[in-house]
Amino acid sequence: MSQYTPAEIEARWQKAWEKNETFKAMRDASKPKYYVLEMFPYPSGRIHMGHVRNYTMGDVIARYKISTGHNVLHPMGWDAFGMPAENAAMAIGGHPKDWTYGNIDDMRSQMKPLGLSIDWSREFATCDPEYYGQQQALFLDFLQAGLVYRKNAIVNWDPVDMTVLANEQVEAGRGWRSGALVERRELTQWFFKISEHSDELLEALDSLDNWPAKVKLMQANWIGKSRGLQFAFSTVGAPDGHDRIEVYTTRPDTLLGASFVGISPDHPLAKLLEKDNPDLAAFCAECRKGGTTEEAIETAEKLGFDTGITVRHPFDTAHELPVYIANFILMDYGTGAIFGCPAHDERDFEFATKYELPIISTYLPSEESSDELDAAFVPPKTDKVFYNRGFAGEQWQTGNEAIDAAIAFCEENGVGQGVTKFRLRDWGLSRQRYWGCPIPVVHCDGCGVVPEKKENLPIELPYDVDFSTPGNPLDRHPTWRDCPCPSCGKPAKRETDTMDTFVDSSWYFARFTAPHADTPTYMEDAAYWMNVDQYIGGVEHAILHLLYARFFARAMQMTGHLPESAIEPFDALFTQGMVTHAIYQTPKQDGRPTYHYPEEVELRDGKAFLKESDQEVEIIPSAKMSKSKNNVVDPLNIISNYGADTARWFVLSDSPPERDVEWTASGAEAAFKHLNRVWNICNRIGEMNKTAQGEGDEDLLRAMHKTIHDVTMGVESFGFNAAIAKLYAFTATLQKSKAGHSTQRAAIMTLAQLMAPMTPHLAEDIWSHQDGEGLIVNAPWPQAEEKMLVDDTITMPIQINGKRRAEINVPADLSKEEVEKIALAHEAVIRTLDGATPKKVIVVPGRIVNVVA
RNA sequence: GCGGGCGUGAUGGAAUGGUAGACAUACCAGACUUAAAAUCUGUUGGGCCUUGUGCCCGUGUGGGUUCGAGUCCCACCGCCCGCACCA
């Protein structure tokens, strides 16, 4: 044993784990189970540092749980359907299937050298017919249970390529390939009834004690429960069948401030008027330009069109308000119609100013305030305000009180009903694309839309497809659509829409419990392994993926695919930050920067220079790794230069896991140096005289037990960076220690165990060199002895008026009174007080003394 | 536009409301070396002077609560993320 050679060590121990089937998960009722899962990757073809960080964190937890006696399930799979495969087929030829499976092979071979504790026997890809066939079975069960239905929905339409575009494919309002202005268009699509579960999904958030509060808050806001008033305005001059316009408002207390009614361009009334009013039709067409994202709609310039129709105010039928079609009103939320109160809504204020509509206040900051507003007055609903045009409740009340009073008043007077609404919309799952799970239904001229028979599943994607033109190749396939109607047996046509890839990722965690089952799940396995005890992934999934998965767990429970106990599938959630890297750039003549690879740049005195020309380079710190910015660090290079343990150690060491971490070459080097140091200490201890006595055994043992305690806390609370800092400190202590051999051996073996979740290969090697029993991965986690953690004397700082002036060493169990006496007798305290009598002395036992003068 | 988050030395960051800057990087100095690398040791928030067991300032900005605030509250500024067909 001489030199630290990670390449050799890592291969050896990975082989040992594989031979022992160390990570193969099998049901075992005698042990507590622990299911740790990282969000599975999209097979882009290359692993990146973000993957390394994500899977290393999961691996630390998994290995720690193994050593604390748990039966651990730690699987891996591939979120393999999606647009990039089709884009690649269009851009460079080839087939999405070949591209995807090729990428999976590449990524698996890049991932394995990391030495993750994964049970690879459970691996699957969502594009395996074995998986998506079971997904089709789920779909059919959901359909039968009434959890799926069809309705019209709006998509981005590229009028040149004649194809549906994803939001991602819309760039500044134009199609990414054709450059044509994108339009909004209606299509009949499949939906999951997630909105029916809004209240339940919201209420259950409270039970998720080990989820980040911010994720729960984001989900709660997304579901968007609101209590409001629904009522109808009666119209004047509207076409037949539209003598009323239903509106929904969360601020009924501002009803007397209404100055117009707005309806969505997709409102039935707007669509009717469109038919014989060319100007109005042109306006609606204008509104339908641009993308379908909420952001695009909300940030677009507010536009309105006066329909000429008016409505009567419910409290004063002589008062008529104009009806506008407005581009910022969503047909999906509420009733697709609102009343505008410019005085108390910024958007309505902007609209009213533009179209010269009256601005009528209903409440003011005080009785004396002018009701001539030059901006919307929008105080928090919890603030007490003065209602100058209130109609229910007190004159002085909070917004919330006024809203409740207004709803009660309107209900009593037959004007409308209090209604609870949710912002959450049903989940549209249809995609007009090839590389996804086919929706297993058949369109029959006689029978309509008919579910496929389960015995015909999986409905497999055809391989012979053509990507030379845009659109869905399934539509153009000569024969794939043809099939007998499952109901009447006559010739019929398959549905060509495929499922949103979010469907694939909404139940994969359940499939991992029985990945090769011939039904979506096996109850016995699901009951044993579910829930996921620790789920780890990016915060970008905080809303959609996690909400959909929570819905799926409920739907699977309703259709008998998951036990009731699994309707909240993730017990604990952790959202980790990104791995970033500096960008090195030099200006080009056209003003755009040239980006340089880190390898091309030399760092001196905090500045960067091109190695080739010595030209100074601008450093942009900490940007998301991106191919186009040339600031991607390939984990494979790091592993081949330093080994996987160094890469793992570094991604955990520098930043708290929930925050972004910046990859730096010097940081990676520091990690490597540290592992070498630990290796050398192990070497040195191995060569010590086994019987020699030393000095400071007690001190080393105390430091060891403190480190056990701190690292254990760190690992359990995702404080990996803090745990690593403690390991650095203990390594330094051990390095300098003059303790005897047996104590030092105990220390290095404990150090190896504490490092094992992070640097498992090095830990195994040290363990075997110190003649540890079996594999370190199976060794029980070290326990800190309570009595070794407490010191006899402690140092207490003394503050005078909150500023530190001195410190005293006192026995740890000294009484408050004694501490106070010693503190006041301290020379620096006497000097600073300068004869004054302290007003108060605060002694926080074991912490601090504060003298108030 | 709406929703969420973050802001501490030259840098990444540490700090149950209790000594701000742990640990690491970078820099500087020293040991070892013919030299370099590697390794090891030490210094480093800013300012002031009377160089001390010293004083003042200091966690984006401005207020507040508290014996005590990086931490809690309010307002503002800046940056980042999500917004339903990217995964």
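Note on naming: letters A, B, ... go to the chains in the order of the sequence lines (proteins, then strands), and numbering restarts at 1 for each one.
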Going by side-chain contact (heavy atoms from CB on, under 4.5 Å), V678(A) matches just one of L751(A), N683(A), T759(A). Which one? L751(A)
Looking at N167(A), I'd like to know whether one of its side-chain N or O atoms comes within less than 4.0 Å of OP1 or OP2 on A84(B). yes
If you look at every strand shown and take non-hydrogen atoms under 4.0 Å, does E827(A) touch a base, only sugar-phosphate, or nothing? base
Looking just at side-chain N and O atoms, do T163(A) and D158(A) make a donor-acceptor pair shorter than 3.5 Å? no
State whether a side-chain donor-acceptor pair under 3.5 Å links T293(A) with N167(A). no
P656(A) has its side chain closest, among C83(B), A24(B), G13(B), to G13(B)
With rounding to the closest Å, how many angstrom separate the P atoms on G45(B) and U11(B)? 14 Å
Atom C1', compared across G21(B) and U8(B): separation rounded to whole Å: 8 Å
Taking atom P in both G4(B) and C55(B), compute the distance separating them and give it to the nearest angstrom. 45 Å
Test side-chain contact (heavy atoms from CB on, under 4.5 Å) applied to Q189(A) and I154(A), V155(A), L429(A), the passing residue: V155(A)
For nucleotides G78(B) and A84(B), find the distance between their C1' atoms and express it as a whole number of Å. 29 Å
Range-with-range stems of RNA chain B (Watson-Crick or G-U pairs under 3.5 Å, three or more in a row): B:1-7 with B:77-83, B:10-12 with B:23-25, B:28-31 with B:39-42, B:45-48 with B:54-57, B:60-64 with B:72-76
Indicate whether the side chain of N721(A) and that of S653(A) have a donor and an acceptor atom separated by less than 3.5 Å. no
Distance, P atom - from G12(B) to C80(B), rounded to whole angstrom: 15 Å
Considering residues at least two apart in sequence or located in another chain, which fulfil the ring pair (Phe, Tyr, Trp, His ring centres under 6.0 Å) criterion with H51(A)? H48(A), Y55(A)
Give me each pair satisfying side-chain hydrogen bond (donor to acceptor under 3.5 Å, both in side chains) with a member in residues 722-738 of chain A, each pair once, sequence neighbours excluded. W649(A)-Y728(A)
Report the distance from atom CG of N54(A) to atom P of A87(B), rounded to the nearest whole Å. 18 Å
Once you apply a heavy-atom cut-off of 4.0 Å, does A670(A) come out as touching a base, just sugar-phosphate, or nothing? sugar-phosphate
What is the nucleic acid contact for W427(A), judged by heavy atoms within less than 4.0 Å: base, sugar-phosphate only, or nothing? nothing
Nearest-neighbour nucleotide for the T795(A) side chain, U19(B), G1(B), U53(B) considered: U19(B)
For Q219(A), which contact category applies under a 4.0 Å heavy-atom criterion: base, sugar-phosphate, or nothing? nothing
Between the protein and nucleotides 4-9 of chain B, which nitrogen or oxygen pairs are less than 3.5 angstrom apart?
residue, atom, partner, partner atom, Å
G4(B), OP1, N221(A), ND2, 3.4

Correct closest heavy-atom pair for P657(A) and F718(A) would be CG-O, 2.9 Å
Short N-O contact, K214(A) and E658(A), less than 4.0 angstrom: no
With P as the reference atom in both, quote the distance from U41(B) to C32(B) in angstrom, rounded to an integer. 15 Å
Sorted by number, residues from residues 720-735 of chain A placing a heavy atom under 4.0 Å from RNA chain B are N721(A), A725(A), Y728(A), Q735(A)
Any N or O donor-acceptor pair under 3.5 Å from the base of U19(B) to the side chain of R805(A)? no
Answer yes or no: does a side-chain N or O of R677(A) lie under 4.0 Å from OP1 or OP2 of C40(B)? yes
Touch class at under 4.0 angstrom, heavy-atom based, for P41(A) against every strand present: nothing
Please determine, for the side chain of K803(A), which listed nucleotide (C57(B), A87(B), G1(B)) has the closest atom? C57(B)
Starting at the 5' end of RNA chain B, which residue's closest nucleotide do you reach first, D426(A) or K673(A)? K673(A)
Looking only at U16(B), C83(B), U41(B), the nucleotide nearest the K736(A) side chain is U41(B)
Scan for side-chain hydrogen bond (donor to acceptor under 3.5 Å, both in side chains) pairs involving residues 499-508 of chain A, sequence neighbours excluded, and state none if there are none. Y131(A)-W507(A), Q135(A)-D504(A), Q135(A)-W507(A), W427(A)-D500(A), R431(A)-D500(A), Y508(A)-Y535(A)
Across all chains, not counting sequence neighbours, the salt bridge (Lys or Arg N to Asp or Glu O under 4.0 Å) partners of E298(A) are R347(A)
How would you label the contact of G82(A) with the nucleic acid (heavy atoms, under 4.0 Å): base, sugar-phosphate, or nothing? sugar-phosphate
Does T299(A) or W222(A) map to a spot on RNA chain B nearer the 5' end, using the closest nucleotide for each? T299(A)
Please classify the nucleic acid contact of H541(A) as base, sugar-phosphate, or nothing, using heavy-atom distances under 4.0 Å. base
If only side-chain N and O atoms count, and only distance matters, is there a donor-acceptor pair under 3.5 Å linking W190(A) with E495(A)? yes
Given L824(A), N801(A), I800(A), N850(A), the one that forms side-chain contact (heavy atoms from CB on, under 4.5 Å) with P838(A): L824(A)
Checking Y42(A) now: which residues fulfil ring pair (Phe, Tyr, Trp, His ring centres under 6.0 Å) with it, not counting sequence neighbours? none
Distances for protein N or O near nucleotides 67-77 of chain B N or O, under 3.5 Å:
residue, atom, partner, partner atom, Å
C67(B), O2', N850(A), ND2, 3.3
C67(B), O2, N850(A), ND2, 2.5

Within the structure shown, what part of the strands sits under 4.0 Å from G428(A) by heavy-atom distance: base, sugar-phosphate, or nothing? sugar-phosphate
Indicate, with a heavy-atom threshold strictly under 4.0 Å, whether S430(A) touches base, sugar-phosphate, or nothing. base
NA contact type, F502(A), heavy-atom cut-off 4.0 Å: base, sugar-phosphate, or nothing? base
Per T293(A) side chain, nearest of listed nucleotides G18(B), C2(B), A84(B): A84(B)
With rounding to the closest Å, how many angstrom separate the P atoms on G64(B) and G58(B)? 14 Å
Syn or anti for G9(B)? Use the chi torsion, O4'-C1'-N9-C4 for purines and O4'-C1'-N1-C2 for pyrimidines, with syn inside 90° of 0. syn
If the condition is ring pair (Phe, Tyr, Trp, His ring centres under 6.0 Å), which residues does F349(A) pass it with, not counting sequence neighbours? none
Mind checking ring pair (Phe, Tyr, Trp, His ring centres under 6.0 Å) for F422(A) and listing every partner two or more places apart, or none if nothing turns up? none
For the residue pair F81(A) and W435(A), categorise the inter-ring angle as parallel (less than 30°), tilted (30 to 60°) or perpendicular (more than 60°). perpendicular
Protein-nucleotides 46-49 of chain B N/O pairs closer than 3.5 Å?
none

Among G13(B), G1(B), C86(B), the nucleotide that comes nearest once only the side chain of E168(A) is considered: C86(B)
Quantified in whole Å, what is the P atom distance between nucleotide A37(B) and nucleotide A31(B)? 15 Å
Anything under 30° is parallel, anything over 60° is perpendicular, the rest tilted; go ahead and classify W679(A) against Y4(A). tilted
Donor on one side chain, acceptor on other, S226(A) and Y333(A), under 3.5 Å: yes
